[in-house]
2 protein chains.
Amino acid sequence: MILSTLDVTEADELADSHEAQVIGHCAVASDVLSRIGDKWSVLVVMLLSTGPKRFNELKRLIGGVSQRMLTLTLRSLERDGLVRRTQFPTIPPRVDYELTPLGHSLCEPVRALGAWAFENYQTIAEARMAFDAREFR
Amino acid sequence: MILSTLDVTEADELADSHEAQVIGHCAVASDVLSRIGDKWSVLVVMLLSTGPKRFNELKRLIGGVSQRMLTLTLRSLERDGLVRRTQFPTIPPRVDYELTPLGHSLCEPVRALGAWAFENYQTIAEARMAFDAREFR
DNA sequence: CAGAATCCGAGCTGATACTG
DNA sequence: CAGTATCAGCTCGGATTCTG
C-alpha cells in the first residue's frame, strides 16, 4: 500500500530526530509524487483543469498516449478521488471526465512545480550536456 | 531524450490553440515530475536541504534504499545539476553530497507539493478505500 | 567507505484484437 | 465511442558479489 510507506513502527523508532520529521513529511510527498509522477497523470489533470473532457478528446489532445495507458491513468486518478467519471448510457456511449475539488486543489502546487520547471529546464539541459561531455574523456 | 518530449514540429502544429500551451507547459512539468517523481529523488533532495551528507549517511537515513538505487539517484541528480558531489581522496574514501543553488530552489515547490500531500493524503486514502469497496459488488 | 558489475524476476507498456 | 483482454518486450529495481 503506497500511502503507508511510513508505518507506525518506523515512525516511532525515529520519533525524536529532526530527520525523522523530514523523512516522514517527505515520505508522504514522495508517495504523492510517485503517484502523479508517471508519464500522463499531470498532463491529464492539467488538461481537465480547463473543464470536463471526453475520453477520445483527451486522447487526441495528449497525442502520444495509448488508449490503454489513458484508461489506466484515468482510473487511478478516479480511484484517488482526483477525477470524477460520468457515463451517459446513450448510444454511442459518452463518458465525461472532470476534476473533483480535490483535483483542482492539486493544480496549484503542480503549477508551482511547472513554473519552476519552465524557469530552469534550460539550465538542467545544459547541466546534462556538460555532465555527459565529461563522461567521454 | 526526456526534456525534448515536446519537439518543435509538434509545438508548431498546435501553436495557436490554448490547449497547446497547456500541453507545452505541462510537458515540461511532466518531464520534471518524471525526473523527481521516482522513489528516492525527493527524499534525497529534502534530506540534503539541511546540509551536506555522506553516502552511507544518506543510506542510513532513508532506510529502505538499496545502494544501487541510491547511487543511481545521486548520479542523475548530479547530472541534472541539482546535487554537487565532492570526493576526498583519503583512505577510506569520503564523498560528500550537497545541493547546488538550483537544487535548493527546487525545495520550495516540492515543499508546496509536500504540504498539499500532507493535507490531503487521508482524503485520498479514504477515496481509495471507497473506490476499492465498490469494485467488489 | 563508496561504489561498479552482474544477474534475474516483477511489473510496466505498447500493440493488437475484440465488445457493448 | 469507450472501453476490455491478452500477450510479448523491455525497463526497473533488488540481491549479491567484487574492487580501489
Mind listing the N/O atom pairs, protein and nucleotides 7-13 of chain C, below 3.5 Å?
none

(message) Please evaluate residues Leu99(B) and Val83(B) with respect to the criterion side chain to side chain contact (heavy atoms under 4.5 Å, CB included), reporting the C-alpha separation (whole Å), side-chain torsions for both, the decisive distance (0.1 Å), and the verdict.
(response) CA-CA 4 Å; Leu99(B) 290 187; Val83(B) 160; 3.9 Å; yes
(request) Of all the heavy-atom pairs spanning Leu48(B) and Tyr97(B), show the shortest one and how long it is. (result) CD2-O, 3.4 Å
(request) Mind listing the closest non-hydrogen atom pair of Phe55(B) and Gln67(B) along with its distance? (result) CZ-O, 3.8 Å
(message) According to side chain to side chain donor-acceptor pair (under 3.5 Å), who are the partners of Asn56(A), at least two apart in sequence or on a separate chain?
(response) none
(message) Measure CD1/Ile91(A) against P/dT19(C) and give the value in whole Å, please.
(response) 17 Å
(message) Expressed as a whole number of angstroms, how long is the span from Lys59(B):NZ to dG14(D):C1'?
(response) 11 Å
(message) Nearest whole Å is fine: how far is dG14(D) C1' from Ile62(B) CD1?
(response) 15 Å
(request) Mind listing the closest non-hydrogen atom pair of Asp80(B) and Arg128(A) along with its distance? (result) OD1-NE, 2.6 Å
(request) Five pairs at each end of the helix from dC1(C)-dG20(D) to dG20(C)-dC1(D): take the axis at both ends and give me the angle between them to 10°. (result) 50°
Can you list, pair by pair, the side-chain donor-acceptor contacts under 3.5 Å of residues 107-117 of chain A, counting residues two or more places apart and other chains?
| from | atom 1 | to | atom 2 | distance (Å) |
| --- | --- | --- | --- | --- |
| Trp116(A) | NE1 | Asn120(A) | OD1 | 3.3 |
| Trp116(A) | NE1 | Ser105(B) | O | 3.4 |
| Trp116(A) | NE1 | Ser105(B) | OG | 2.9 |

(message) Just verifying a value: how many Å separate Leu58(B) CG and Arg60(B) CZ, rounded to the nearest 0.5 Å?
(response) 9.5 Å
(message) Please check this pair: side chain of Thr100(A) against backbone of Leu82(A), looking for a donor-acceptor N/O pair closer than 3.5 Å.
(response) yes
(message) The criterion is salt bridge (Lys or Arg N to Asp or Glu O under 4.0 Å); which residues satisfy it with Arg85(A), sequence neighbours excluded?
(response) none
Distances under 3.5 Å between protein N/O atoms and the N/O atoms of nucleotides 1-3 of chain C, please, pair by pair.
| from | atom 1 | to | atom 2 | distance (Å) |
| --- | --- | --- | --- | --- |
| dC1(C) | O3' | Arg54(B) | NH2 | 3.1 |
| dA2(C) | OP1 | Arg54(B) | NE | 2.9 |
| dA2(C) | OP1 | Arg54(B) | NH2 | 3.2 |
| dA2(C) | OP2 | Asn56(B) | N | 3.0 |
| dA2(C) | OP2 | Asn56(B) | ND2 | 3.4 |
| dG3(C) | OP1 | Arg85(B) | NH1 | 2.1 |
| dG3(C) | OP1 | Tyr97(B) | OH | 3.4 |
| dG3(C) | OP2 | Tyr97(B) | OH | 2.5 |
| dG3(C) | N7 | Gln67(B) | NE2 | 3.2 |

(request) Using a 4.5 Å cut-off on heavy atoms from C-beta on, say whether the side chain of Arg35(A) contacts that of Ser76(A). (result) yes
